[in-house]
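Read the structure below first, then the notes.
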There are 2 protein chains.
Amino acid sequence: MRVEQAEIARRVEKLKAASRAAGVKLTHQRLEIFREVASSVEHPDADAVFREVRGRIPTVSIDTVYRTLWMLNDLGLVATLGPRRESVRFDANLARHHHYICTRCGLARDFESAAFDALRIPDAVKDYGSVDSAHIEVRGVCDSCARKQCEKQAETDSKPPRGKQRSKSWPKRKRS
Amino acid sequence: MRVEQAEIARRVEKLKAASRAAGVKLTHQRLEIFREVASSVEHPDADAVFREVRGRIPTVSIDTVYRTLWMLNDLGLVATLGPRRESVRFDANLARHHHYICTRCGLARDFESAAFDALRIPDAVKDYGSVDSAHIEVRGVCDSCARKQCEKQAETDSKPPRGKQRSKSWPKRKRS
DNA sequence: CTCTTAATGCAGAATGATTCTTAAATGAGA
DNA sequence: TCTCATTTAAGAATCATTCTGCATTAAGAG
């Protein structure tokens with residue numbers, strides 16, 4: 001199952017606009033890597049994208065795939081499935097509940113929603129397979145991280161990062 | 001913030017019952033490891049549990065923590081936060097949508113739910129931080145995996161795994 | 001079309017979470 | 001009390017992912 005051509009084209013247009021706006025070069029490999037994610041409904045991982053793209057550009061490196069995927073993520077053109085997760089996290093709350101996840105620090109908190117629990121799972125889902133559980137995942141930036149962000153903001157504002165090093169401005173993803 | 005004593009006690013009781021039912025020994029370390037997860041609302045990872053438990057049992061090994069956590073997971077006493085994820089997966093669908101995830105093979109598929117999209121996020125969530133997105137995550141076993149399961153079932157049924165090697169019956173988690 | 005420099009490819013190494021190995025010591029529960 | 005599941009220890013292996021130089025290439029501004 002693939003995404004319809006028209007939709008793919010629309011997504012590619014967005015990529016072009018976003019690249020221009022961000023001042024990054026739209027290379028052949030970036031285009032193909034994006035096209036691969038944009039035309040799939042499989043939610044591929046880096047390696048899957050790599051394998052596919054290699055069919056069209058035999059010399060792509062896995063590095064480029066990773067770098068590009070994260071760049072697309074930073075540009076808001078693709079999203080990751082599930083919260084950022086450095087390691088597996090466990091939960092002993094067996095009652096029906098939902099999660100709030102901070103996309104910066106990984107903070108996770110439970111909350112409840114009777115309104116959601118009353119909802120019926122769409123029938124379309126049952127076509128995929130059995131349903132064991134359903135819960136909401138809310139993503140955002142927690143108060144603590146928001147505060148840190150402000151401090152950093154103030155810092156950055158004093159030394160204006162002008163010029164064309166925008167590509168270096170993507171924050172490195174943390175390692176715990 | 002910690003879970004209330006009464007609730008912790010209730011969870012520990014469940015552990016005792018489940019251990020007995022499964023025929024596994026309720027060791028000191030298993031109890032403490034479970035108690036740690038059961039009393040936290042932080043959704044700790046293996047290392048966080050390790051660090052805490054080490055305060056009470058200085059000789060615990062990180063191995064035991066991992067083994068125990070997965071055993072608790074297999075017994076249904078704890079769950080993991082987010083779907084099992086061997087690697088990060090990407091999604092270029094920027095429209096509002098939700099996910100169905102197969103807990104066996106990792107298959108991921110999109111679906112929509114106008115009913116959910118119309119729901120308001122509970123106010124309690126806003127206390128944690130800003131809200132960037134909210135979506136449903138449905139977990140289950142996809143049809144393809146369910147079929148494989150049946151085949152395996154048939155196999156297993158012919159060679160009855162009697163005796164006390166139940167502890168060996170937890171399927172090793174796969175590596176891609 | 002021609003530069004400038006961002007991006008890529010390559011080879012190899014590092015990292016970090018997680019799992020496994022082996023062998024000896026321990027302790028839960030019948 | 002005895003047995004066998006479990007734990008520990010110490011080390012190695014795996015795997016996804018990221019990074020380091022460095023030489024090469026090509027996007028896109030002018």
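Residue numbers start from 1 in every chain, and the chains themselves are labelled A, B, ... in the order their sequence lines are given, proteins ahead of strands.
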Rounded interatomic separation in angstrom, taking [atom1] from [X] and [atom2] from [N]:
X	N	atom1	atom2	value
A/D45	D/dC15	CG	P	14 Å
A/E32	C/dT8	CD	P	13 Å
B/Y66	D/dT7	OH	C1'	17 Å
A/M71	D/dA27	CE	P	14 Å
B/W70	C/dA17	CH2	P	15 Å
B/L31	D/dA5	CG	P	21 Å
A/F50	D/dA16	CZ	P	13 Å
B/R20	C/dG29	CZ	P	9 Å

Establish, for the pair B/R30 and B/F34, whether the NZ or CZ atom is under 6.0 angstrom from the six-membered ring centre and no further than 45 degrees off its axis.
no
Ion pair present between [X] and [Y], side-chain N to carboxylate O less than 4.0 angstrom?
X	Y	value
B/E42	A/R89	no
B/E13	B/R10	no
A/D47	A/R51	yes
A/R54	A/E52	no
B/R96	B/D117	yes

At under 4.0 Å, does any side-chain N or O of [X] touch on OP1 or OP2 of [N]?
X	N	result
B/T64	D/dT6	no
B/Q29	D/dT8	yes
A/R67	D/dT18	no

Of B/T27 and A/R89, the one whose closest DNA chain C nucleotide lies more 5':
A/R89
Using heavy-atom distances to pick each residue's nearest nucleotide on DNA chain C, tell me which of A/K25 and A/I57 is more 5'.
A/K25
Bending between helix ends of the helix from C/dC1-D/dG30 to C/dA30-D/dT1 [5 pairs per end, 10° resolution]:
60°
Of all the choices, [options], which nucleotide is nearest to the side chain of [X] once you look at every atom?
X	options	value
A/H28	C/dG9, D/dA27, C/dT21	D/dA27
B/A46	C/dA7, C/dT18, C/dT19	C/dT18
B/R30	D/dT6, D/dT18, C/dG9	D/dT6
B/D63	D/dT6, D/dA16, C/dT19	C/dT19
B/T59	C/dG29, D/dA9, C/dT18	D/dA9
A/S87	C/dT21, C/dA17, C/dG9	C/dA17

With sequence neighbours left out, write down each residue that passes ring pair (Phe, Tyr, Trp, His ring centres under 6.0 Å) with A/H98, or none if nothing qualifies.
A/F111, A/F116
For a ring pair (Phe, Tyr, Trp, His ring centres under 6.0 Å) check, start with the C-alpha distance between B/H99 and B/H135, then their side-chain angles and the critical distance, and finish with the verdict.
CA-CA 8 Å; B/H99 291 130; B/H135 72 270; 5.3 Å; yes
Using a heavy-atom cut-off of under 4.0 Å over every strand shown, decide if B/D47 touches base, sugar-phosphate, or nothing.
nothing
What nucleic acid atoms does A/I62 come within less than 4.0 Å of, heavy atoms only: base, sugar-phosphate, or nothing?
nothing
